[in-house]
Amino acid sequence: MAACNGTGGGPEPTASADSTQAAADKKYLSQPLVSEIYTADPSAHVWNGKIYIYPSHDIDGPTPEDDLGSHFEMRDYRVLSMDDVGGKVTIGPVALDVKQVPWASKQMWAPDAAFKNGTYYLYFPAKDKEGAFRIGVATSKDPMGPFKPQPQPIKGSYSIDPAVFTDDDGQSYMYFGGIWGGQLQRNVNGKYDPEGSKTDLQADDKPALLPRVARMSGDMLEFAETPREVKIVDDKGKLLLGGDHDRRFFEAAWMHKYKGKYYFSYSTGDTHHLAYGIGDSPYGPFTYKGRILEPVEGWTTHHSIVEKDGKWWLFYADSQLSGQTRLRNVKVTQLHYNEDGTIKTIDPFVR
């Protein structure tokens, strides 16, 4: 979809003969935006007429793969920018490194960004010195960075995958949370339990764990309220159950607005779908409506949705370049709505 304009920062991707052949046999809907570095979890924004993408920066580390995501060892962020979809993509220099964050120890996972009053804010999850995920914030006057981190994580923050949405009235909200390695199940009451479940609530017949939302303070550096649950319900208004892995929330919250309605989208994790619900308030509840994206190559699915010049775009990632779960590449494809406001499901492969 776009040409690359890298500035170094990593080796060219390598793949085994088997994974290379497997990739050759598939016809992908979209191609990687960049190949100089590995990128995932793209949070896209349009500022000053340009598209800025805040992805994770995957690295090939030594940790064995497990269900807690220990093999995702990311340690810094690089921002991508382009004038338009299909145009040249610029890879920025290191925008923030874990070594610059006083409270963080490792695993700089999926970030997001926001802009207010001349300042750009980078929101990121990382594990603190005790191994608990917290959410930090760093600031810059340039959307590409570098970003200067606050000395402490956001008070009352926990788990992963921050996504900050600013409504038409200028009020901003952070959505966050993720189960399994994201530790939401170890923060049920907002206090980290290191001995908690490794997966979820382990109650398939009870309501599933829910993502969180909190209104942001005026300076965008703290929560203005205690985080609350984001309710995702079926068409009868009942909460989705923990055993409903095809529809329940796993991670990767995103919020966008279309024709006055609020669209809360997320990943179902172990079933690899991007799903969404529609509501009348940024707090929800959100009625489940279907899937945005069918499973991609690779385990994880994490996305963003943004409008540019009257068209809507879905940013996502897969493992086309490497054939490895831990080494992903960001992609983009156009998103379309039905007349009733629902989203047309996208197949990441050309059948």
Side-chain angles (χ1 to χ4, degrees), residues 1-13 30-61 72-101 104 106-126 135-150 161-164 220 254 302-306 308 313-318 321-322 326-332:
M1 292 285 294
C4 302
N5 182 30
T7 56
E12 285 296 322
S30 303
Q31 292 299 313
L33 289 180
V34 296
S35 60
E36 292 90 336
I37 60 173
Y38 293 113
T39 54
D41 312 322
S43 293
H45 294 273
V46 177
W47 287 314
N48 302 317
K50 295 182 66 172
I51 300 172
Y52 294 92
I53 307 162
Y54 299 82
S56 299
H57 177 199
D58 285 349
I59 61 171
D60 194 3
F72 294 115
E73 303 177 75
M74 300 86 91
R75 56 177 177 247
D76 65 15
Y77 297 109
R78 308 279 295 273
V79 184
L80 310 180
S81 69
M82 55 185 176
D83 290 334
D84 294 288
V85 172
K88 182 177 71 174
V89 181
T90 298
I91 304 174
V94 172
L96 181 67
D97 189 288
V98 68
K99 295 177 181 177
Q100 299 171 264
V101 184
K106 60 180 180 179
Q107 291 182 291
M108 304 276 274
W109 282 11
D112 191 21
F115 174 75
K116 185 176 182 180
N117 295 335
T119 298
Y120 296 90
Y121 298 84
L122 179 68
Y123 299 94
F124 60 94
I135 297 172
V137 56
T139 59
S140 176
K141 292 299 181 181
D142 189 320
M144 301 290 282
F147 287 84
K148 182 180 179 180
Q150 295 294 300
D161 292 355
V164 175
M220 300 291 282
W254 186 260
H302 191 129
H303 68 299
S304 59
I305 296 169
V306 67
K308 176 76 161 63
W313 301 97
L314 173 73
F315 288 81
Y316 64 104
D318 64 18
L321 291 178
S322 72
R326 76 177 77 208
L327 300 173
R328 297 159 291 177
N329 42 257
V330 167
K331 297 184 170 185
V332 62

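None of these values were measured; they are calculated from a predicted model. Values reported hereafter were calculated over all heavy atoms of this structure, with side chains retained and with hydrogens, waters and symmetry mates removed.
The backbone N or O of Lys99 sits less than 3.5 Å from a side-chain atom of Asp97, completing a donor-acceptor pair. Under the 3.5 Å distance criterion, the side-chain polar atoms of Ser56 are left unmatched by any main-chain donor or acceptor of Asp41. Of the possible polar contacts, none joining the Arg328 side chain to the Asp58 backbone as a donor-acceptor pair under 3.5 Å is found. The closest donor-acceptor contact from the side chain of Trp47 to the backbone of Tyr52 lies at 3.5 Å or more, if one exists at all.
Residues Val94 and His57 have side chains not in contact (no heavy-atom distance under 4.5 Å, counting atoms from C-beta outward). By the 4.5 Å heavy-atom criterion applied to side chains, His303 and Leu314 are counted as neighbours. No side-chain heavy atom of Pro93 sits less than 4.5 Å from a side-chain heavy atom of Pro146. Looking at Val306 and Lys308, their side chains never come closer than 4.5 Å, going by heavy atoms from C-beta outward. Within the 4.5 Å cutoff, the side chain of Lys148 has no heavy atoms near those of the Ser140 side chain. Counting only heavy atoms from C-beta outward, the side chains of Leu321 and Ser35 approach each other to under 4.5 Å.
To the nearest 0.5 angstrom, Ile53 atom CD1 is 14.0 Å from Arg78 atom CZ. One finds the CD1 atom of Ile59 at 8.5 Å from the CE atom of Met74 (value rounded to the nearest 0.5 Å). Separating the CG atom in Asn329 from the CG atom in Leu33 is a distance of 9.0 Å, to the nearest 0.5 Å. Rounding to the nearest 0.5 angstrom, the gap separating the CD atom in Glu73 from the CD atom in Gln107 is 7.5 Å.
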### Query
Run the side-chain hydrogen bond (donor to acceptor under 3.5 Å, both in side chains) check on Lys141 and Thr119 step by step: do they pass?
CA-CA 5 Å; Lys141 292 299 181 181; Thr119 298; 2.9 Å; yes
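Between Ala110 and Pro125, the closest heavy-atom pair is O-CD, 3.1 Å. Taking every heavy atom of both residues into account, Gly61 and Arg326 meet most closely at O-NH1, 2.9 Å. Nearest heavy-atom pair, Pro111 versus Leu122, reported as atom, atom and distance to 0.1 Å: CB-CD1, 4.1 Å. Between Ile51 and Ala44 the shortest heavy-atom distance is CG2-CB, 4.5 Å. Met220 and Ala114 make their closest contact through CE-CB, 3.8 Å (heavy atoms, listed as atom of the first residue, atom of the second, distance). Across all their heavy atoms, Val332 and Ser30 have their closest contact at O-OG, 2.9 Å.
Around the NZ atom of Lys106, the shell of radius 6.0 Å holds no more than 12 heavy atoms that belong to other residues, nucleotides or ligands.
Scored by the ring-ring contact (aromatic ring centres under 6.0 Å, His included) test, Phe147 finds no partners at all (sequence neighbours excluded).
Tested against His45 for a ring-ring contact (aromatic ring centres under 6.0 Å, His included), the candidates Phe115, Trp254, Tyr121, Tyr120 yield a single pass: Trp254.
Ring geometry for Phe72 versus Trp109: interplanar angle over 60°, hence perpendicular rather than tilted (30 to 60°).
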